Amino acid sequence: MKILGLESSCDECAAALLEIGNWKLSAQGRPASGWEIRTNVIFSQEKLHRKYGGVVPEVAARRHVETIMPVIEKALKRDRPDLIAVTRGPGLITSLQVGLQTARALAYVWNVPLIGVNHLEAHLWSFLLNSKSQILNPKQIQNLKFKIQNLLPAVALIVSGGHTELILVKGAGKYKLIGQTRDDAAGEAFDKVAKMLELGYPGGPIISHFAEAGNPDRIKLPRPMIDSADFDFSFSGLKTAVKYLLAEITPTGSLSQAFINDVCAGFQQAAVEVLVSKTLKAVKKYKAKSLIIGGGVSANQKLISTFKSQLSKLGLDFYYPDKEFTGDNAAMIALAGFLNKKRASRKNWRNLTAEANLNIAV
Ligand code: KG4
Ligand code: ZN
């Protein structure tokens, strides 16, 4: 079975072809064959939005219109899929519409089933994708098909440029939203702090790079809502604290590299501490067997290493995506489409809609 995944919710225009093998068990009790990410094409608009220090929705949507067909052509190589999976939300509505309307048209002319995918659900399961071999080994396939139950219930932390959500995962498609940011998303705070420091866009990778050379304890920054009784987050106060710090210290003149490194290290430390502390509280409260993370910010090595050391103390499993699959991509959309394929239908081309605020808990 070949699944075409399409993603256009923000500033990445992506198409991927995922081929799923035969799920039947072989004589040795192993699946006879697995799956393969045949193609994983991503056209990033990063450069286009860099001069604005963030994504401009209208500019993004126009570029999606121009690039979606070439991206699909590159991914499909004239092949015809058996299923189309497309992001239907959450995201920028005009950007979402480009992928969704293209998917509807293709499903109609090819007469193939179509399924709408929640972008955050796709980030959640992206740890199952494997970039090293491109083909999951039998053990990993068993994890997916037969042992997924063993990691449940799980708590998932989805951290991206648009979202910071804590989700209780009871199964594929069975989710409860237990906490979220009340203002800025974690990735958005990285982006805005980088903009204040005039370091460029996207801010996450740049800040974590400079943070390596900095002292995280030299500049004290707040840890908003770290002790609140709920599982919500707030990153706007942390970002504003950096703003005031910069206004106080540098009314004139330029910042030294050592100071920039310390600000980056201090900010990253504060963001990671809040994310880890709140997530571990949720893991304990919901008696989760494992923690899953996904989304652009899950590329942050400080976040990964802090979770690793804390979770090993608790004896819990920790699942996070290969760096290649942390950001927006269409392989994860195809995979989420596969996991939910019961909802796919040949009739979906008629009325599938894009939802800017699509909720993961249905
Ligand atoms: O998931 P994603 O590619 O797009 C959205 O769905 O938003 O996430 C992009 C976000 C950006 O805010 C970017 O700065 C952040 O992920 N990011 C990072 C790192 N790499 C990307 N944040 C912190 N540390 C990183 N290494
Ligand atoms: Zn994303």
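Keep in mind that the numbers below use all heavy atoms, side chains included, and drop hydrogens, waters and symmetry copies. These numbers come from a predicted model, not from an experiment. Read the numbers this way: they start at 1 and go in the same order the structure lists the ligands and their atoms. In what follows, residues are counted from 1 in the order of the sequence shown.
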Checklist entry - Of Asp232, Asp227, Asp230, which is the lone residue that meets salt bridge (charged side-chain N to carboxylate O under 4.0 Å, His left out) with Lys278? => result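 Answer after filtering Asp232, Asp227, Asp230: Asp230.
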Item to check | Residue Cys10, metal the Zn ion (ligand 2), N/O/S under 2.8 Å | outcome: no
Checklist entry - Hey, is the Zn ion (ligand 2) within less than 2.8 Å of some N/O/S atom on His163? => result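 Checking the Zn ion (ligand 2) against His163, no N, O or S atom falls under 2.8 Å.
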Counting only N and O atoms by type, is there a donor-acceptor contact under 3.5 Å from the side chain of [X] to the main-chain atoms of [Y]?
| X | Y | result |
| --- | --- | --- |
| Tyr108 | Leu106 | no |
| Glu121 | His123 | no |
| Arg38 | Leu18 | no |
| His64 | Cys10 | yes |
| Lys323 | Ala299 | no |
| Lys195 | Tyr52 | yes |

Checking a contact table here: which protein heavy atom is nearest [atom], and how many Å away?
| atom | value |
| --- | --- |
| atom 24 (N) of ligand 1 | Asn300 ND2, 3.0 Å |
| atom 14 (O) of ligand 1 | Asp191 OD1, 2.7 Å |
| atom 2 (P) of ligand 1 | Asp328 OD1, 3.6 Å |
| atom 7 (O) of ligand 1 | Gly161 N, 2.8 Å |

Next on the checklist: Does only the side chain of His163 get under 4.0 Å from ligand 1, or the backbone, or both, or neither? Count heavy atoms.
Outcome noted: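 No part of His163 is near ligand 1 at this cut-off.
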Next on the checklist: Please classify the Ser208 to ligand 1 contact at 4.0 Å (heavy-atom distances, strictly less than): side chain, backbone, both or neither.
Outcome noted: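 The part of Ser208 near ligand 1 is the side chain, not the backbone.
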Checklist entry - Of all N, O or S atoms in Asp328, which has the smallest distance to the Zn ion (ligand 2)? => result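 Output for this pair reads OD1.
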Checklist outcome for this item: side chain to side chain donor-acceptor pair (under 3.5 Å) with Glu273: of Gln268, Lys302, Arg223, only one passes, and it is Arg223
Looking at ligand 1, would [X] count as a contact under a 4.0 Å heavy-atom criterion?
| X | answer |
| --- | --- |
| His123 | yes |
| Cys10 | no |
| His119 | yes |

Checklist entry - Does Phe127 have its ring centroid less than 6.0 Å away from the ring centroid of Tyr320? => result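 No, the ring centres sit 6.0 Å or more apart.
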Item to check | Distance flag, aromatic centroids of Phe190 and Phe267, threshold under 6.0 Å | outcome: yes
Checklist outcome for this item: A student comparing Pro202, Gly204, Gly296 should find that the heavy atom closest to atom 8 (O) of ligand 1 comes from Gly296
Which atoms of ligand 1 have any heavy atom of [X] under 4.0 Å away?
| X | value |
| --- | --- |
| Gly162 | 7 (O) |
| Gly203 | 14 (O) |
| Gly327 | 3 (O) |

Next on the checklist: Could you check whether Asp11 pairs with Arg50 (Lys NZ or Arg NE/NH1/NH2 to Asp/Glu carboxylate O, under 4.0 Å)?
Outcome noted: no
Next on the checklist: If you measure every N or O of Phe190 against every N or O of ligand 1, does any of those distances drop under 3.5 Å?
Outcome noted: no
